[in-house]
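Read the numbers this way: they start at 1 and go in the same order the structure lists the ligands and their atoms. For clarity, every value in this text was computed on a predicted model and none was experimentally measured.
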Amino acid sequence: MNNELVSTWCKLSSSVPSSYVHPEDKRPANSVINTDEKIPVIDFSGQDRTEIILLPLFSEVVGKYTQELNKLGLKILELIAEGLGLDPEYFNGDFTAKPVVISHHYPPCPEPGLTLGASSHKDPNILTILLQQEDIIGLQVFKDGAWIPVQPIPGAFVVNMGFMLQMITNGKLIGALHRVVTNSTTSRHTIAYFMNPTEECIVEPAKPVITSTSPPKYRPLTFGELKWNFVNKGPAFAAELGDDFTKTS
Ligand SMILES: O=C(O)CCC(=O)C(=O)O
Ligand SMILES: [Fe+2]
C-alpha cells in the first residue's frame, strides 16, 4: 500500500516518470527567473483582529480557519471594490458564497528541472489566499517575461487574484499567472483558501466598470462553465476568452 504513495515512490526513484516530464519550453530549468523583483506586501497588523486560534480538533481548526480567512478575503475584496468605484460590499454575496480549502503536498522530486509541482495557471475563482510553508520557496509568479519566486514571509499569506476578478473588472485587474516548482531535497506543504462563488453564479464585467471607452471584453458565463473549461482546456480556454497570459499589467 505504502509503495503506491507518491512520497514513497519519490524516495525510491532517481528519475521522473516520463508522463510527468513537461515539454522543453515549459520546464522550469529553461525559464527566465527574476529574484530581484519584490512581491507587494500588505501589513494588516495593528488594525486586524484576525488572530488564528488553533484548537486541538481538526474540524474546529478548519472551521475557524475558514471563518477567519473569509473575513480577511472580504476585507481585501472590499478594498478592491472601493478602488474600482464599486459598492464596497459588491463581492460579499454570491461571488464568495462557496469557499474551498485545499491542502497541497509536494514531495521532493528527483529531477526538478524537468517537471512542475503545478503547471502555470491562473486560478479561475475570484481570490485565493495561500499559506505557504515558511522554509521553502516553491511558488513563482510570472511578471514582465520572468518567473518571480514568492519568498514565504512568516505570518503572511499570499493573495492571488483569479481570472474571475479579471473578468468582473473587465481586465482592469489581471489574474496572477503562477506555477509551483519542486526541489530534490525537501517536501513542501501549502494550504489554499479559494474564495469561490456558487456554480450558477454569472461571471461578467461589472456594469459600473463598463463605459463607451471600455466596452465588455468578456462574455457572460456561469462559474461552473468557467471552472470546467479551466480544468479541461486550461490556458487555451483563457485565450478563447481573449486573455493573453503573458500580459501582466
Ligand atoms: O501550493 C502552491 O504554492 C500554489 C497552489 C496553487 O496554485 C493552487 O492551488 O491553485
Ligand atoms: Fe493556483
Side-chain angles (χ1 to χ4, degrees), residues 6-7 10 20 22 26-28 31 33-35 37-41 62 65-66 69-70 72-73 76-77 95-96 98-109 112 115-143 146-167 173-197 199 203 223-224 226-239 241 243 245-246 248:
V6 180
S7 48
C10 75
Y20 281 67
H22 284 242
K26 299 275 189 309
R27 290 180 198 167
S31 52
I33 307 288
N34 178 356
T35 52
E37 186 88 29
K38 297 283 176 285
I39 305 295
V41 174
V62 175
Y65 189 80
T66 306
L69 276 252
N70 198 50
L72 175 63
I76 296 166
L77 286 171
F95 288 139
T96 49
K98 289 268 181 220
V100 173
V101 180
I102 295 181
S103 164
H104 293 295
H105 171 71
Y106 304 92
C109 172
T115 190
L116 287 160
S119 301
S120 70
H121 67 282
K122 291 187 180 188
D123 295 345
N125 57 317
I126 199 152
L127 208 69
T128 305
I129 305 179
L130 185 78
L131 182 61
Q132 300 200 83
Q133 188 171 327
E134 287 178 3
D135 49 348
I136 306 159
I137 307 178
L139 180 66
Q140 298 183 335
V141 65
F142 191 72
K143 183 166 181 280
W147 288 99
I148 304 167
V150 182
Q151 181 96 42
I153 302 175
F157 295 100
V158 176
V159 180
N160 262 337
M161 291 199 270
F163 192 69
M164 204 177 132
L165 196 56
Q166 180 171 335
M167 285 183 70
L173 297 175
I174 304 285
L177 182 62
H178 57 284
R179 69 180 188 180
V180 178
V181 294
T182 57
N183 73 84
S184 57
T185 54
T186 323
S187 64
R188 175 173 177 265
H189 289 93
T190 59
I191 300 170
Y193 180 76
F194 294 92
M195 298 194 86
N196 281 1
E199 298 279 303
V203 185
F223 180 66
L226 179 65
K227 202 176 61 175
W228 188 91
N229 279 289
F230 255 64
V231 171
N232 292 289
K233 296 191 194 163
F237 182 65
L241 288 175
D243 186 39
F245 265 20
T246 59
T248 48

How close does the nearest protein non-hydrogen atom get to [atom], and which residue and atom is it?
| atom | value |
| --- | --- |
| atom 2 (C) of ligand 1 | Y106 OH, 3.3 Å |
| atom 4 (C) of ligand 1 | V180 CG2, 3.6 Å |
| atom 9 (O) of ligand 1 | H104 NE2, 2.6 Å |

What distance separates R179 CZ from K26 NZ, expressed to the nearest 0.5 Å?
->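 Separation between the atoms: 10.5 Å.
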What N/O/S atom of D123 gets nearest to the Fe ion (ligand 2)?
->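 It is OD1 of D123.
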Please could you name the atoms of ligand 1 that [X] approaches to less than 4.0 Å, counting only its heavy atoms?
| X | answer |
| --- | --- |
| F194 | 8 (C), 9 (O), 10 (O) |
| H178 | 7 (O) |
| T190 | 1 (O), 2 (C), 3 (O) |

N70 versus Y193, side-chain donor and acceptor atoms under 3.5 Å |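 Yes, N70 and Y193 have a side-chain donor paired with an acceptor closer than 3.5 Å.
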Judged by non-hydrogen atoms, does Q132 sit under 4.0 Å from ligand 1?
->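 Distance cut 4.0 Å: Q132 fails for ligand 1.
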Where do A238 and F230 come nearest, in terms of heavy atoms and distance?
->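 That closest heavy-atom pairing would be CB-CZ, 4.4 Å.
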Among D243, L226, V231, which residue meets the side chain to side chain contact (heavy atoms under 4.5 Å, CB included) test with F237?
->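 For F237, the side chain to side chain contact (heavy atoms under 4.5 Å, CB included) check succeeds only for L226.
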Per the side chain to side chain contact (heavy atoms under 4.5 Å, CB included) rule, which among V181, I137, N34 passes with P149?
->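 Result: among V181, I137, N34, I137 is the only option passing the side chain to side chain contact (heavy atoms under 4.5 Å, CB included) with P149.
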If we set the cut-off at 4.0 Å for heavy atoms, which region of [X] has an atom near ligand 1: side chain, backbone, both, or neither?
| X | result |
| --- | --- |
| I102 | neither |
| R188 | side chain |
| D123 | side chain |

Please assess E199 against K98 for the test salt bridge (Lys or Arg N to Asp or Glu O under 4.0 Å), listing each intermediate value before the final yes or no.
-> CA-CA 9 Å; E199 298 279 303; K98 289 268 181 220; over 6 Å; no
Compute the ring centroids of H178 and H121, then answer whether they are less than 6.0 Å apart.
->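 Yes; H121 has its ring centre under 6.0 Å from that of H178.
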Under 3.5 Å, side chain of E134 to main-chain N/O of P154, donor-acceptor pair present?
->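 Checked: no pair found.
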